[in-house]
*Asks:* 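Sharing a structure here in structure tokens format.
Throughout, numbering of the chain's residues begins at 1 and tracks the sequence.
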Amino acid sequence: ALAAVTRYRLSLAYQVRGAGEDLVPGSKACAEKGFSEALRCSTCARLRDFLPSGDQPGATDAADLAAECESCCVREEAEEVFAKGILYVSPSQLEVNQNVEDFVRRKAGAFPNLKVKKREGVRTTLQLLREGETEESSNTYINIYGWKSDEIRDFVAMKLSSISGRAPAE
């Protein structure tokens, strides 16, 4: 799906290149290129990770697309990052929910500041703790029931401080 989006955006970039208007977030030129005013710069950074680079075919067009994306994106306010997290899972969910099982068994270990706690009957929930907070004093909970394994990984990578903004390799 991402490859199709990339091809579409590359073809769109060819169609409207040279429109003459400066690319600034929310501008008509950005809209004509398919970039909405809701585009966040973190999305452009992720896009760049998936585009061809170096000597790969299409790398020049991909670099142009990424630059256009970055010209049209809105910088996020500093998102709150947490010192550590606790993932509460029910052992029965590990048996029946492939995504939770995959995250716990294959991906959670990549996050040194994430602890997995198995408790019977709990809803799959991520508790986020700020520096100095304890499990008892923190009240930041995210219900991740129904999330895909990669979505959990990406969210944890974004929210926990010791991860440098990139999701760990699978």
Side-chain angles (χ1 to χ4, degrees), residues 1-85 87 98-100 102-104 106-114 124-131 140-170:
L2 186 58
V5 170
T6 301
R7 282 193 300 275
Y8 170 75
R9 293 225 189 245
L10 283 171
S11 68
L12 188 60
Y14 284 129
Q15 293 170 15
V16 295
R17 188 169 282 150
E21 189 174 335
D22 288 332
L23 294 177
V24 294
S27 69
K28 181 179 177 187
C30 287
E32 287 174 349
K33 289 182 181 279
F35 300 119
S36 79
E37 58 220 23
L39 177 65
R40 301 283 181 239
C41 291
S42 58
T43 304
C44 296
R46 287 202 57 177
L47 174 65
R48 188 179 285 277
D49 290 342
F50 290 98
L51 291 174
S53 61
D55 294 334
Q56 294 176 313
T60 302
D61 292 328
D64 291 346
L65 173 63
E68 291 169 354
C69 184
E70 290 162 357
S71 295
C72 292
C73 68
V74 176
R75 307 249 177 257
E76 293 93 341
E77 297 288 323
E79 291 237 8
E80 184 170 14
V81 178
F82 295 83
K84 57 186 175 176
L87 178 63
Q98 176 180 334
N99 286 296
V100 172
D102 179 61
F103 178 78
V104 169
R106 294 183 181 88
K107 299 173 183 171
F111 301 97
N113 50 350
L114 176 68
T124 308
T125 305
L126 178 64
Q127 181 181 21
L128 299 170
L129 292 84
R130 293 171 184 86
E131 193 66 44
T140 305
Y141 293 89
I142 308 296
N143 176 0
I144 59 171
Y145 179 79
W147 288 22
K148 303 286 186 206
S149 177
D150 288 345
E151 294 169 339
I152 300 169
R153 180 201 59 212
D154 293 348
F155 185 79
V156 170
M158 179 177 66
K159 288 297 186 181
L160 295 185
S161 63
S162 70
I163 305 303
S164 63
R166 290 187 57 92
E170 291 183 42

*Asks:* What's the shortest heavy-atom distance between Ala29 and Leu23, and which atoms?
*Replies:* CB-CD2, 3.6 Å

*Asks:* Roughly how far apart are Cys41 SG and Leu47 CG, rounded to 0.5 Å?
*Replies:* 12.0 Å

*Asks:* Taking C-beta and beyond as the side chain, do Ser149 and Lys107 meet within less than 4.5 Å on heavy atoms?
*Replies:*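 Sidechains of Lys107 and Ser149: in contact.
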
*Asks:* May I ask you to test the Arg40-Val74 pair for a side-chain heavy-atom distance under 4.5 Å?
*Replies:* yes

*Asks:* What is the minimum heavy-atom distance between Leu114 and Ala108, and which atoms define it?
*Replies:*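 Heavy atoms of Leu114 and Ala108 come nearest at CD2-CB, 4.1 Å.
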
*Asks:* Is the shortest side-chain N to carboxylate O distance from Asp150 to Arg153 below 4.0 Å?
*Replies:* yes

*Asks:* What is the distance from atom CZ of Phe111 to atom CG of Asn113, rounded to the nearest 0.5 Å?
*Replies:* 8.5 Å

*Asks:* For the side chain of Glu151 and the backbone of Lys148, is there at least one donor-acceptor N/O pair under 3.5 Å apart?
*Replies:*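 Confirmed, Glu151 side chain pairs with Lys148 backbone.
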
*Asks:* Could you please spell out the steps behind the side chain to side chain contact (heavy atoms under 4.5 Å, CB included) verdict for Leu126 and Thr140?
*Replies:* CA-CA 8 Å; Leu126 178 64; Thr140 305; over 6 Å; no

*Asks:* If you count the non-hydrogen atoms of other residues, nucleotides and ligands that lie under 6.0 Å from CD in Glu131, is the total more than 12?
*Replies:* no

*Asks:* What's the separation between atom CD1 in Ile142 and atom OG1 in Thr124, rounded to the nearest 0.5 Å?
*Replies:*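 It comes to 13.5 Å.
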
*Asks:* Suppose we call two aromatic rings close when their centres sit under 6.0 Å apart. Are Trp147 and Phe155 close by that rule?
*Replies:* yes

*Asks:* How far apart are the C-alpha atoms of Lys33 and Leu65, what are their side-chain angles, what is the distance that settles it, and do they pass the side chain to side chain contact (heavy atoms under 4.5 Å, CB included) test?
*Replies:* CA-CA 10 Å; Lys33 289 182 181 279; Leu65 173 63; over 6 Å; no

*Asks:* Minimum heavy-atom separation for Ser71 and Pro25, please, with both atom names.
*Replies:*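 For Ser71 and Pro25, the tightest heavy-atom pair comes out as O-CD, 3.3 Å.
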
*Asks:* Are Cys44 and Cys69 within a span of less than 2.5 Å, counting SG to SG?
*Replies:* yes

*Asks:* Checking Thr125 against Leu87 for the side chain to side chain contact (heavy atoms under 4.5 Å, CB included) test, could you report, in this order, the C-alpha distance in whole Å, the side-chain angles of both residues, the deciding distance, and whether it holds?
*Replies:* CA-CA 6 Å; Thr125 305; Leu87 178 63; over 6 Å; no

*Asks:* Return the minimal non-hydrogen interatomic distance between Gly54 and Ala59, and the atom names on each side.
*Replies:*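 For Gly54 and Ala59, the tightest heavy-atom pair comes out as O-CB, 3.4 Å.
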
*Asks:* When you look at Leu129 and Phe82, which way does the side chain to side chain contact (heavy atoms under 4.5 Å, CB included) test go after all the steps?
*Replies:* CA-CA 6 Å; Leu129 292 84; Phe82 295 83; 5.9 Å; no

*Asks:* Say you draw a straight line from CG of Leu39 to CD of Glu70; how long is it, rounded to the nearest 0.5 Å?
*Replies:* 10.0 Å

*Asks:* How about CD on Gln98, more than 12 heavy atoms from neighbouring residues, nucleotides or ligands closer than 6.0 Å, or not?
*Replies:*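 Result for CD/Gln98: open.
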
*Asks:* If we only count heavy atoms from C-beta on, is the Leu160 to Val81 side-chain gap below 4.5 Å?
*Replies:*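 Result no, sub-4.5 Å side-chain heavy-atom pair not found.
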
